[in-house]
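See structure below.
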Amino acid sequence: MSRYRIPGKGRVDHAAPVRFSFDGRSYMGLRGDTVASALLANGVHLMGRSFKYHRPRGAVTAGSEEPNALIGTSRGKGRAEPNTRATMQELRAGLVAESQNRWPGLGFDAGAVNDLLYPLFSAGFYYKTFMWPRAFWDRLYEPVIRAAAGLGRAPGEPDPDRYASRYLHADLLVVGAGPAGLAAARAAARAGLRVTLVDEHAEMGGALLSDPGVVIEGRPAWDWLAAVLEELRGLGVRLMCRTTAIGYYHQNMIGLCERLTDHLDSPPETAPRERLWRVRAARVVLAQGAIEKPLVFDGNDRPGVMLAGAAQTYLHRFGVLVGRRAAVVTAHDSAYFAAFDLADAGVRIAVLVDTRDAPPADLLDQARRRGIEVLAGHSVTATAGRLRIRSVRVNRVRDGQVAGGRAIACDCLLMSGGWTPSLHLFSHTKGSLIWDAAAQTYLPGETIEDCHVAGAGRGLWGYGAVLADGDAAGVAAASALGRAAAGAAPAVAHDRTGSGEAQRELPSDMAPSLARAFVDFQNDVTAKDIRLAVREGMKSIEHVKRYTTTGMATDQGKLSNINGLMIAADMLGKAPPQVGLTTFRPPYTPTTFGALAGYHRGSHFELTRKTPIDAWAEERGAVFEPVAQWRRAWYFPRPGEDMEAAVARECLATRASVGIFDASTLGKIEVAGPDAVEFMNRMYTNPWSKLAPGRTRYGLLLGEDGFIRDDGVIGRLADDLFHVTTTTGGAARVLTMMEDYLQTEWPDLRVWLTSTTEHWAVAALNGPNARKVLEPLVEGLDISNDAFPHMSVTECRVAGIPARLFRLSFTGELGFEINVPARHGPDLWRALMAAGAAHDICPYGTETMHVLRAEKGFIIVGQDTDGTVTPADAGLGWAIGKAKPDFVGKRSLSRPDMVAPGRKQLVGLLTEDGAVRLEEGAQIVDDPARPLPMRMVGHVTSSYRSATLGRSIAMALIENGHSRMGELVHVPMPGRTHRARITGTAFYDPDGARMKL
Amino acid sequence: MLLIHCPYCDETLPEAEFAYAGEAHIARPADPMATSDEEWRDYLFIRTNARGPHYERWRHVHGCGRFFNALRDTVSDRFLMTYKAGVPRPDLPATEDAQ
């Protein structure tokens, strides 16, 4: 048995030893231990090094508010977690734990040199020190700071664990299963509510687990606890341990993170590690209790110094003595009970220092009976010891004067600065916090959520008061939901009530500049830092926080906020509420990305849309690229080909004979109804009234601001039916925009819109031999140029499949787009490939499609336009129906800044050296000899190597570009600046003869 | 996550089913070409940016697909009411609790 474990005591299983390792050394703990309690049972207090000064640190708490005892845990490859709280991590067989922030070891840490340099690292150190010279920032300061920054090491491998998520609906959610939460859950469940009760610890009971001597309803606390949990189970209450309420969101939605396997010796391979719950509760009771405050004095961070309540928890819950010879320093009655319990368990209480002049007489009585020396009206001014406290210095304080001190030997120091109600979740609701001058703390005020704070969370103290309040909260929740409920405030004997006074840093005879009195343990912020921040002009607590980083660590200031506020307020000579309180934000405790991501990881993170031709393309060895959630074939490399070679071959083959392209991703919308043509006239810039059924037209869609939103070829299949195509990425936006106008501006129009994007598989055949490939497959239709000219559409059968056949071209070649119902896509594709074999048909991907269209100067909305381009800017003025009285965006085209000179206009760009391909996005300047920063007149929007033309081509948006034809501009790129000449955008077959073969 | 009442489905459903669609009761001018540059500018760009109750448009995009109007308090993020498109702008409710 370990030296500090009391046989048989606590809620751990003394018959079940558990072996684990810490920093490579093997230790034995018990089932039910946390890593912290097991280490303490082995006499180990030193568990980590602090963030900034690398000071030795031990556990200061026994809960999730722990700032010091942060460890790395691991369970094999990828299963490593940094910054785990040793006070929360349950022991499991074979657990491998490591301390953090030290090198080479925890006992001797080279980084501790920072501690000697303490005077240098004052508040705002970074802001003051690394200001200049400017050039040092990138090369020296930042790399050094980055290397030193951070706590713990993130694992390098992907996380192999699974994470789950679920929704839950409840009448009442109770957060915190201490006495108040238990009483609330019981009262509500008895009234028939569907209740969920959650607690972040391994078992329920909260403070009752640390106070077994209290008697409730005639039973010792632990018996009462067991009986209540039994009753709650019987009433159907959902009880969830190891479950942290991480955030309180709108309309009573609470996020819960349930830890499922981290405590298991060998979890089932398929079990989720954590589960995120989204709970929608009609009512919420927050019974999260209160967090004990440290006292602020020199050396209050030495291993062995911990909160008195934590020592009491280690004793009762885990049967662990945190030392043999304890000193106590307190400003609150509660520490007396911790001292009494430890004394009764055989710990020698070397001294009990009370900062108050007149502690309650009954507590003094009880101390005297146990032979404990109480020094009232005293202060603790220092501690000594290297890796563990050895002694504490105690001074008498009278009328503000600190007398000479004496050192008292001890191996642990238990402190209590009183208790801070835990109001994090209440703050998430934007609930107001009200300063209570008597208790010197913030209490919950009003909130718009249906939520109630019960127990110590609203400043109550003592089991009788807290249980009665929880019971009342449960009754109130039931009444609010229309259920009759009878209160039953439990009777309590041997209650532990009490009060205290709030302290700033304790009075000391030490020079304030030398005192290392820590306010924020995790971020190494001292009382001196906070006073300095105020002296240097930080008047709001928000500024103090950012300047000193107090409260900015992963514990969000659970221990430090109120102490920091009290010191800042004292320095400012203001009442604390005038200085303010920083905002708490979710999550309550650090939460894994795995839990937040849940099932949405890997291929489930975002959906991948695949066309009916996708499987064929994959079999054919296509390289894919993502386009607006679609996976599209990018190019089809042959063995030994790189992308450039494959694209060049695909381009040449298409222009020489015939290419086939999967255009299924094009957005498709059917616009139907008696007023369809009127609707089209109003939405698109083009005139539609005279477009005959069987004909198609290029359509241009603007926003009401006059800028290009989308484009596509639109076919009129009947007087009252249009087949609209949109860009691949714009399909949903265009449909939404159409619906918006139809529903809200023109509800009188008899028009119906249907998205048909995924109903059709589309094969585009392009090239001089396209007709030869298609003709034998078409039934009942003459597709000769005379009978079925460029820009025609009809319904027919292709390869026996009902089809909508378009004649159009996005390549500049003779082109057809064959739409067939999606399920027939693969059949159509195979038929076309077979028919095309005689013509060396070449499947091509999106990259070749881009090159071919650029050779023709056809734009891609979103690449050659960016939301600030008008039809005139893009050279598409011809697409505007000038006789139309109105269409979306028409009025904006005559706004003054839309017709002013100096607009960027789309032009072609040919580099002087045709072997140079400009970078898309490269900036364009008129004169590269000008001093920096020089004026940029535009940028490259599209740029490719054209195998057809044997040189590079580009398009660009350039100021006044349309009137600068033939002029030279300069394009700075890495390495050198290139010269290029402004041209028109049609590089190939500008008359369009090849489309009309 | 907010709960939003769709006045067409007559159901209160999670925010994830809905999309915000800007301020409500800004009608497109009947004859845009007859508007002055200033009037057209105001129609395009000038918005209330309310602190408090705000008339705004939402769409039940993953449900019935209908656009509707809502009165939402931009401070508390509470929906005070929702109503169908085309219904005249209702007055502010007397209390914020009125749903």
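In the text below, chain A, chain B and the rest are named by the order of the sequence lines, each starting its count at 1. Remember, it's a predicted structure, so these values are computed and weren't measured experimentally.
Across A/Q251 and B/L2, no two heavy atoms sit closer than the pair OE1-CA, 3.2 Å. B/M33 approaches A/S894 most closely through the heavy-atom pair CE-OG, 4.4 Å. For the pair B/L44 and A/S892, the tightest heavy-atom approach, listed with the atom from each and the gap, is CD1-OG, 3.4 Å. Here the closest heavy-atom approach between residue A/T744 and residue B/F67 is recorded as CG2-CB, 3.8 Å.
The neighbour count for A/F605 CZ, taken as heavy atoms of other residues, nucleotides or ligands under 6.0 Å away, does not exceed 12. Summarising the local packing, CG of B/D91 is surrounded by 12 or fewer heavy atoms from other residues, nucleotides or ligands at distances under 6.0 Å. Open room surrounds CG on B/N49; 12 or fewer heavy atoms of other groups in view lie less than 6.0 Å from it. A 6.0 Å sphere centred on NE2 of B/H25 holds more than 12 heavy atoms belonging to other residues, nucleotides or ligands.
Between B/R57 and A/D740 there is a salt bridge, since at least one side-chain N of the basic residue sits less than 4.0 Å from a carboxylate O of the acidic one. Using a 4.0 Å cut-off between charged side-chain N and carboxylate O, B/R28 and A/E704 make a salt bridge.
Within residues 4-11 of chain B, no residue has a heavy atom under 4.5 Å from a heavy atom of chain A. For a heavy-atom cut-off of 4.5 Å, chain B lies close to A/E745, A/W746 in residues 745-755 of chain A. Proximity to chain A among residues 34-42 of chain B is limited to B/T35, B/S36, B/D37, B/W40, judged by heavy-atom separations below 4.5 angstrom.
With respect to chain A, the highest number of heavy-atom pairs below 4.5 Å among B/E15, B/R59, B/M1 belongs to B/M1. By number of non-hydrogen pairs under 4.5 angstrom with chain B, the leading residue of A/R278, A/R895, A/K430 is A/R895.
When heavy atoms are compared at a cutoff of 4.5 Å, B/F68 does not approach chain A at all. Contact of B/R66 with chain A is made through backbone and side chain together, with heavy-atom distances under 4.5 Å. Contact of A/F887 with chain B is made through the backbone alone, with heavy-atom distances under 4.5 Å. Residue contact with chain B, scored on non-hydrogen atoms closer than 4.5 Å, is absent for A/N252. When heavy atoms are compared at a cutoff of 4.5 Å, A/T429 does not approach chain B at all.
Atom CZ in A/R280 sits 3.5 Å away from atom CG in B/L3 (nearest 0.5 Å).
No donor-acceptor distance shorter than 3.5 angstrom exists from the side chain of A/K890 to the backbone of B/P32, with no hydrogens or angles considered.
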Below 3.5 Å, can you tabulate the donor-acceptor pairs from side chains in residues 165-172 of chain A to any protein atom, sequence neighbours excluded?
from: A/D171; atom 1: OD1; to: A/R194; atom 2: NH2; distance (Å): 3.3
from: A/D171; atom 1: OD2; to: A/R194; atom 2: N; distance (Å): 2.8

